[in-house]
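Since the structure is predicted, the reported quantities are computational estimates derived from the model, not experimental observations. Numbering starts at 1 and runs along the sequence shown.
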Amino acid sequence: MKKSLFAIVLALMFSSAAFGQASILGTWRTEFSESESGQEEDVSAEMSVKAFDEFTLSGNTYSRNFSMVMNISGESTKEAQKLDIKLTVKGSIKGTWTYVDGILSMVPDKKAKPNIEVESEGLPGIAKTLLVAPLKKEIKNALIEPEKEQVLSLTETEMVLREIPDPKKKDTEPVEDVTYKRK
């Protein structure tokens with residue numbers, strides 16, 4: 001009798017903990033922006049970047065959207081020339097996900113091709129040709145790469161993720177914690 005009572009109390013404790021835990025399902029978004037300016041001899045330049053990464057988890061599938069806008073402006077006082085460039089990059093992909101033992105894994109569908117758009121304003125023809133194709137390839141490679149993230153914290157409004165680097169890759173960058181807000 002004592003063992004069954006203990007088992008019931010234990011089951012109730014675990015079930016109440018499960019109800020108190022926030023759901024990972026939903027749409028999560030992180031945004032970042034950065035700007036810098038510089039001057040070298042008679043040339044001054046300013047650059048700003050605004051970007052977001054957003055994914056929606058439902059059932060066992062996810063969809064991911066990425067967008068970045070980069071503005072570059074510069075001026076040469078010696079030659080009285082101005083430069084204004086705007087580059088907009090958008091990408092999206094779908095796949096499946098799992099969440100086991102605090103690890104969120106997202107695997108893009110093998111048959112799905114990522115949707116990638118790159119638009120530019122003020123970029124000279126040859127520079128556009130040299131920049132757009134490699135940029136599209138880099139975005140595509142990032143979107144089709146499976147991801148494993150450790151969920152450091154999860155509430156109803158916020159989730160903090162830390163990428164788990166692929167041990168097969170030698171040139172990994174330092175991992176950072178990224179905070180996503182529920183949309």
Side-chain angles (χ1 to χ4, degrees), residues 22-36 47-73 84-154 157-183:
S23 172
I24 198 166
L25 297 175
T27 300
W28 299 92
R29 180 182 178 108
T30 189
E31 298 181 20
F32 67 91
S33 61
E34 190 176 314
S35 62
E36 77 180 57
M47 180 183 82
S48 66
V49 176
K50 288 186 178 189
F52 76 82
D53 179 30
E54 178 179 284
F55 57 87
T56 301
L57 304 173
S58 62
N60 68 340
T61 62
Y62 78 93
S63 62
R64 176 171 236 144
N65 294 303
F66 166 80
S67 179
M68 178 184 74
V69 177
M70 181 186 305
N71 289 298
I72 303 170
S73 60
D84 285 311
I85 297 172
K86 180 178 181 180
L87 191 63
T88 305
V89 179
K90 296 178 184 177
S92 63
I93 196 155
K94 295 181 179 196
T96 58
W97 68 277
T98 58
Y99 180 52
V100 178
D101 295 331
I103 305 296
L104 174 63
S105 299
M106 294 186 280
V107 179
D109 290 336
K110 293 191 186 317
K111 294 179 182 177
K113 290 184 180 179
N115 181 21
I116 301 169
E117 299 174 27
V118 178
E119 298 173 4
S120 64
E121 297 173 20
L123 198 58
I126 189 74
K128 185 176 182 177
T129 304
L130 294 172
L131 181 67
V132 170
L135 186 58
K136 276 186 171 183
K137 183 178 180 182
E138 189 172 323
I139 298 297
K140 176 187 174 195
N141 289 342
L143 286 171
I144 63 172
E145 187 75 26
E147 290 186 49
K148 279 192 173 193
E149 308 275 348
Q150 180 181 3
V151 179
L152 299 177
S153 69
L154 175 63
T157 59
E158 187 176 280
M159 178 168 46
V160 180
L161 300 177
R162 179 179 293 157
E163 182 179 4
I164 300 172
D166 185 348
K168 296 175 189 172
K169 291 187 177 183
K170 295 178 184 176
D171 59 341
T172 58
E173 297 177 18
V175 294
E176 296 180 15
D177 299 346
V178 179
T179 301
Y180 285 81
K181 302 284 186 180
R182 190 181 296 273
K183 191 171 169 189

- Query: So, Trp28 side chain and Lys181 main chain: donor-acceptor pair closer than 3.5 Å or not?
  - Reply: no
- Query: When rounded to the nearest 0.5 angstrom, what distance separates CZ in Phe52 from OG1 in Thr30?
  - Reply: 11.0 Å
- Val175 and Glu163 have their tightest heavy-atom pair at CG1-O, 3.3 Å
- Message: Just verifying a value: how many Å separate Leu123 CG and Leu131 CG, rounded to the nearest 0.5 Å?
- Response: 6.0 Å
- Task: Using the side chain to side chain contact (heavy atoms under 4.5 Å, CB included) rule, pick out the option among Asn71, Val69, Val118 that qualifies with Thr88.
- Result: Val69
- Message: Show the nearest heavy-atom pair for residues Glu149 and Ile164, with the distance to one decimal.
- Response: C-CD1, 4.2 Å
- Query: What pair of heavy atoms forms the shortest contact from Tyr99 to Leu154, and how long is it?
  - Reply: OH-CD2, 4.3 Å
If you look only at distance, which donor and acceptor atoms sit under 3.5 Å apart when one is on a side chain in residues 137-148 and the other is two or more places apart or in another chain?
unit_1 : atom_1 : unit_2 : atom_2 : d
Asn141 : ND2    : Lys137 : O      : 3.4
Glu145 : OE2    : Lys169 : NZ     : 3.3
Glu147 : OE2    : Arg64  : NH1    : 2.6

Please list, one pair per line, the donor and acceptor atoms closer than 3.5 Å that link side chains of residues 100-116 to other protein atoms, with sequence neighbours excluded.
none

- Distance (rounded to the nearest 0.5 Å) between Met47 CE and Glu34 CD: 6.0 Å
- Item | Side-chain donor/acceptor of Arg182 to backbone N/O of Leu25, under 3.5 Å | yes
- Query: Partners of Arg29 by salt bridge (charged side-chain N to carboxylate O under 4.0 Å, His left out), sequence neighbours excluded?
  - Reply: Glu31, Glu54
- Message: Looking at every heavy atom in both Ile85 and Gly122, which two are closest together, and how far apart are they?
- Response: CG1-O, 3.6 Å
- Message: side chain to side chain contact (heavy atoms under 4.5 Å, CB included), that's the test. Do Asn65 and Lys90 meet it? Break it down for me.
- Response: CA-CA 7 Å; Asn65 294 303; Lys90 296 178 184 177; over 6 Å; no
